[in-house]
Amino acid sequence: MEWDSSSSSSSSDLSGDDDGGGFLLNDGGPLPFPVDTLLQPAPCGFVVTDALEPDNPIIYVNSVFEIITGYRAEEVLGRNCRFLQCRGPYAKRRHPLVDSTVVSEIRRCLEDGIEFKGELLNFTKDGTPLMNRLRMTPIYGDDEVITHIIGIQFFTEVNLDLGPLTGSTAKVTVKSSDPFRSSLLSCRLTPDETRNSSIGLSGILQLTDEVISLKILSRLTPRDIASVGSVCRRFYEVAKNEDLWRMVCQNAWGSETTRVLEAVPGAKRLGWGRLARELTTLEAAAWRKLSVGGAVEPSRCNFSACAVGNRVVLFGGEGVNMQPMNDTFVLDLNSSKPEWQHVKVSSPPPGRWGHTLSCVNGSNLVVFGGCGTQGLLNDVFLLDLDAKHPTWREISGLAPPLPRSWHSSCTLDGTKLIVSGGCADSGVLLSDTFLLDLSMEKPIWREIPVTWTPPSRLGHTLSVYGGRKILMFGGLAKSGPLRFRSSDVFTMDLSEDEPCWRSVTGSGMPGAGNPGGKAPPPRLDHVAVSLPGGRMLVFGGSVAGLHSASQLYILDPTEEKPTWRMLNLPGLPPRFAWGHSTCVVGGTRAIVLGGQTGEEWMLSELHELSLASSVI
Amino acid sequence: MTSSKTIVLRSSDGATFEVDEAVALHSLMIKHRIETGGADSTTIDVPEVTGNTLSKVIEYCKKHVEAPNSDDLKSFDTDFVKVDQAVLCHLAKASYYMNIKGLLDLSSKTIADMFKGKTVEQIRETFHIKNDFTPEEEEELRKENSWNLFV
């Protein structure tokens with residue numbers, strides 16, 4: 001068998017070179033039968049796969065394989081052989097004419113570690129159908145473990161008219177009764193320029209799909225992937241992969257955010273690609289109204305609400321006679337008929353309003369501060385919502401912050417509670433920042449030391465972005481002996497050794513500069529929603545002057561020159577929205593509880609700002 | 001105990017490179033071949049990699065095996081990938097085939113950086129990729145992939 005293999009790559013064929021292309025062709029090697037019997041009267045393809053690697057990647061193909069299938073070794077190494085069942089190099093699915101029972105039989109033999117013999121329809125790179133008389137033999141190493149699979153393919157012509165291969169840039173092969181000769185001819189006649197990977201010019205297209213998507217594209221932002229998908233056909237296909245999008249989302253938004261998005265039940269979940277797009281463009285964002293059952297009674301205001309996965313949890317508040325309340329309610333938005341349910345707990349925390357409620361450690365809720373019957377509080381209580389008998393537990397941390405109300409809080413890394421500012425005894429406004437690490441067995445309060453703080457305030461918001469950065473916005477801020485509503489923005493990077501407050505223009509100087517664009521009117525008690533990727537949406541609150549509280553504003557602190565923009569979405573926004581009673585469920589739905597008129601405090605009609613399409 | 005055994009690696013175009021076994025073992029593919037090939041496998045064919053690329057791969061492995069804790073490892077890596085996109089892609093391909101995770105990650109990351117913030121045309125230019133869409137398909141794509149905020 002003499003093949004004039006003019007390809008410069010490729011190694012020895014079956015005629016058995018002395019030095020051997022690899023261990024397999026050594027005499028007395030692990031082959032179960034002499035090499036001679038492998039030789040057929042007609043040339044056959046020879047493929048070796050690595051059975052120890054996931055999905056049996058090809059590690060060797062001979063030149064006959066290359067010539068007949070039209071795929072060069074470097075295009076197929078590292079891939080599983082199943083690409084031969086797809087018609088053409090861009091198809092992603094097995095061709096319907098390929099017999100799936102034979103494929104199952106192959107799988108079964110592989111699992112059982114026995115030889116397979118059978119016939120399967122395959123396709124050359126330019127779409128020509130071939131019948132592959134295939135023999136697959138497992139090779140056992142030490143310890144009875146299969147280390148390689150050898151595939152021997154005897155290809156014959158098949159009489160099938162499948163029409164032209166659409167979308168292919170490969171030229172059509174000359175049909176002849178001898179598939180091998182015609183393939184050889186076409187190989188020599190086909191100039192390299194018809195393929196989109198002129199070897200030596202575009203190196204990247206020579207890489208496997210796995211390397212391109214998992215190793216390279218997964219590091220890019222959603223927007224960059226959108227561009228990549230428009231570059232050429234190959235990239236278009238690669239960029240459609242959902243696993244790639246999941247990695248991209250995780251890298252762009254962090255694992256906490258991805259975890260929350262993933263917790264939405266499958267049927268209601270958009271694919272990662274669609275989600276990435278919608279959360280970047282906000283093209284499907286809209287206001288909706290939501291009716292729920294049950295009731296939060298006795299009615300109250302100034303409670304705190306927080307999302308745990310797809311559930312809304314509410315604690316405390318101020319009753320009609322100004323009495324501080326201590327009961328807990330849950331609304332499960334996963335259910336087909338969501339309704340408020342009172343959570344029976346033993347030993348609830350002392351009643352309060354003006355406190356913060358945050359979600360930590362998965363399904364835990366933490367309450368801090370607020371105003372109770374005896375005055376301001378600085379205690380910490382934790383509740384595991386998923387426990388069999390949910391119980392509020394006090395966390396006694398050493399050196400707690402001053403007792404306060406109307407402070408703001410946020411959660412870092414899903415485990416650390418951060419509180420800042422608020423109003424202390426005798427009406428003094430605070431400007432400190434404290435951190436409580438709830439992942440520790442015995443959590444300790446730690447004040448974050450800074451050389452300069454923004455003016456002290458209450459009713460401001462703290463949002464987390466970019467992993468470990470926090471953004472403070474608005475509030476009622478101290479200005480000499482007076483207090484004014486603020487629309488200032490300050491950020492702090494908690495991953496630094498010595499975190500410090502900065503204005504968004506990057507300067508550490510006080511009052512150094514705010515974002516450009518038209519800033520929202522100054523306000524307190526507003527809602528700040530963090531979008532994946534770092535942007536922040538602001539609306540609601542107690543707004544200075546006659547401005548509407550329902551106008552939405554958006555800010556991206558990660559931009560080079562952060563700029564406020566107004567956002568106009570379809571649907572009817574609520575007339576009132578308050579920070580303490582708004583939370584984001586499932587990562588994409590901002591649920592606004594309650595307003596100012598009497599009925600709304602019953603909480604049966606909610607407003608929702610949904611950031612992505614709902615798939616129901 | 002360090003073995004002074006050497007291995008010969010042979011590229012697709014017949015170039016041979018003699019390397020310390022320890023350096024060669026940095027490639028898990030070669031390690032696997034040696035371990036399964038028996039005691040006398042001193043020459044390993046690497047038919048998927050040309051001589052030029054293989055010599056660079058060996059240079060990487062040498063540095064990472066012989067001085068893994070050196071302070072200048074980071075700057076070595078940075079300088080190592082200051083090559084044009086074709087060489088980078090060959091390195092990525094070779095390190096994938098030869099199963100050298102560090103080099104695969106390094107070259108992939110560098111290639112990824114070459115995509116960031118580029119338009120479709122710029123990507124094509126950088127990587128010498130031909131536009132193989134029909135004009136109608138391009139128009140469809142332009143609509144599909146224009147991610148504009150506040151649409």
Side-chain angles (χ1 to χ4, degrees), chain A residues 8-11 19-23 26 29-30 50 52 59-60 73-74 77-78 141-142 147-148 167 169 196-198 200-208 210-211 215-224 226-236 277 280-283 554 565 567-568, chain B residues 10 12-13 29 32-33 35-38 40-41 43-45 47-48 50 84-90 92-93 96-97 99 104-105 107-109 111-124 126-134 137-138 141-142 144-151:
Chain A
S8 58
S9 65
S10 194
S11 34
D19 44 358
F23 67 96
N26 287 338
D50 188 344
L52 295 173
I59 57 171
Y60 173 79
E74 56 220 18
L77 287 170
D142 300 327
T147 56
H148 299 83
T169 54
N196 196 356
S197 52
S198 306
L201 278 185
S202 176
I204 194 161
L205 294 178
Q206 293 176 55
L207 299 173
T208 64
E210 289 92 321
V211 172
K215 288 287 177 187
I216 298 175
L217 299 183
S218 60
R219 300 172 194 265
L220 303 180
T221 64
R223 265 187 209 278
D224 281 334
S227 300
V228 167
S230 299
V231 166
C232 64
R233 288 174 181 285
R234 172 103 184 273
F235 279 179
Y236 176 77
R277 184 197 165 102
T280 305
T281 61
L282 296 180
E283 61 199 54
I554 187 168
R565 293 183 177 90
L567 189 58
N568 295 309
Chain B
R10 183 158 54 206
S12 63
D13 43 0
M29 173 269 234
H32 186 60
R33 286 250 189 104
E35 285 170 357
T36 54
D40 46 331
S41 42
T43 302
I44 308 261
D45 270 298
E48 295 323 305
T50 62
D84 78 52
Q85 58 91 17
V87 176
L88 261 180
C89 293
H90 290 139
K93 194 171 103 170
Y96 176 71
Y97 170 68
N99 206 335
L104 179 58
D105 285 343
S107 44
S108 303
K109 181 174 183 308
I111 297 172
D113 288 340
M114 293 167 75
F115 276 94
K116 290 185 179 161
K118 287 200 162 81
T119 65
V120 175
E121 256 322 302
Q122 287 167 338
I123 295 175
R124 287 182 185 141
T126 305
F127 294 101
H128 302 289
I129 299 177
K130 185 159 106 72
N131 175 7
D132 53 359
F133 293 115
T134 66
E137 287 168 338
E138 278 226 85
L141 278 173
R142 214 190 313 275
E144 204 179 294
N145 281 339
S146 64
W147 286 23
N148 296 312
L149 189 52
F150 317 123
V151 163

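Proteins get letters first, then strands, A, B, ... in listed order; numbering begins at 1 in each.
Under a 3.5 Å cut-off, the side chain of B:Asp84 and the backbone N or O of B:Ala86 do form a donor-acceptor pair. Checked by atom type and distance alone, the side chain of B:Arg10 never pairs as donor or acceptor with a backbone atom of B:Thr43 at under 3.5 Å. Judged by distance alone, the side chain of A:Asp50 and the main-chain N or O of A:Ile59 form no donor-acceptor pair under 3.5 Å.
At most 12 heavy atoms of other shown residues, nucleotides or ligands fall within 6.0 angstrom of atom OH in A:Tyr236.
Using a 4.5 Å heavy-atom threshold, the side chains of A:Ser227 and A:Arg223 count as separate.
Contact annotation for B:Glu144: both backbone and side-chain heavy atoms come within less than 4.5 Å of a heavy atom of chain A. The contact between B:Lys109 and chain A is made by backbone and side chain atoms together, counting heavy-atom distances below 4.5 Å. Only the side chain of B:Tyr96 comes within contact range of chain A, with at least one heavy atom under 4.5 Å from a heavy atom of that chain. Of the atoms belonging to B:Leu104, it is side-chain heavy atoms, and not backbone ones, that fall under 4.5 Å from chain A. Neither the backbone nor the side chain of A:Thr221 comes within contact range of chain B; no heavy atom of the residue lies under 4.5 Å from a heavy atom of that chain. When heavy atoms are compared at a cutoff of 4.5 Å, B:Asn99 approaches chain A solely by way of its side chain, counted from C-beta outward.
For the set A:Asp224, A:Leu207, A:Val231, the entry with the most heavy-atom pairs within less than 4.5 Å of chain B is A:Val231.
B:Ile44 approaches B:Arg33 most closely through the heavy-atom pair CG2-NH1, 3.4 Å.
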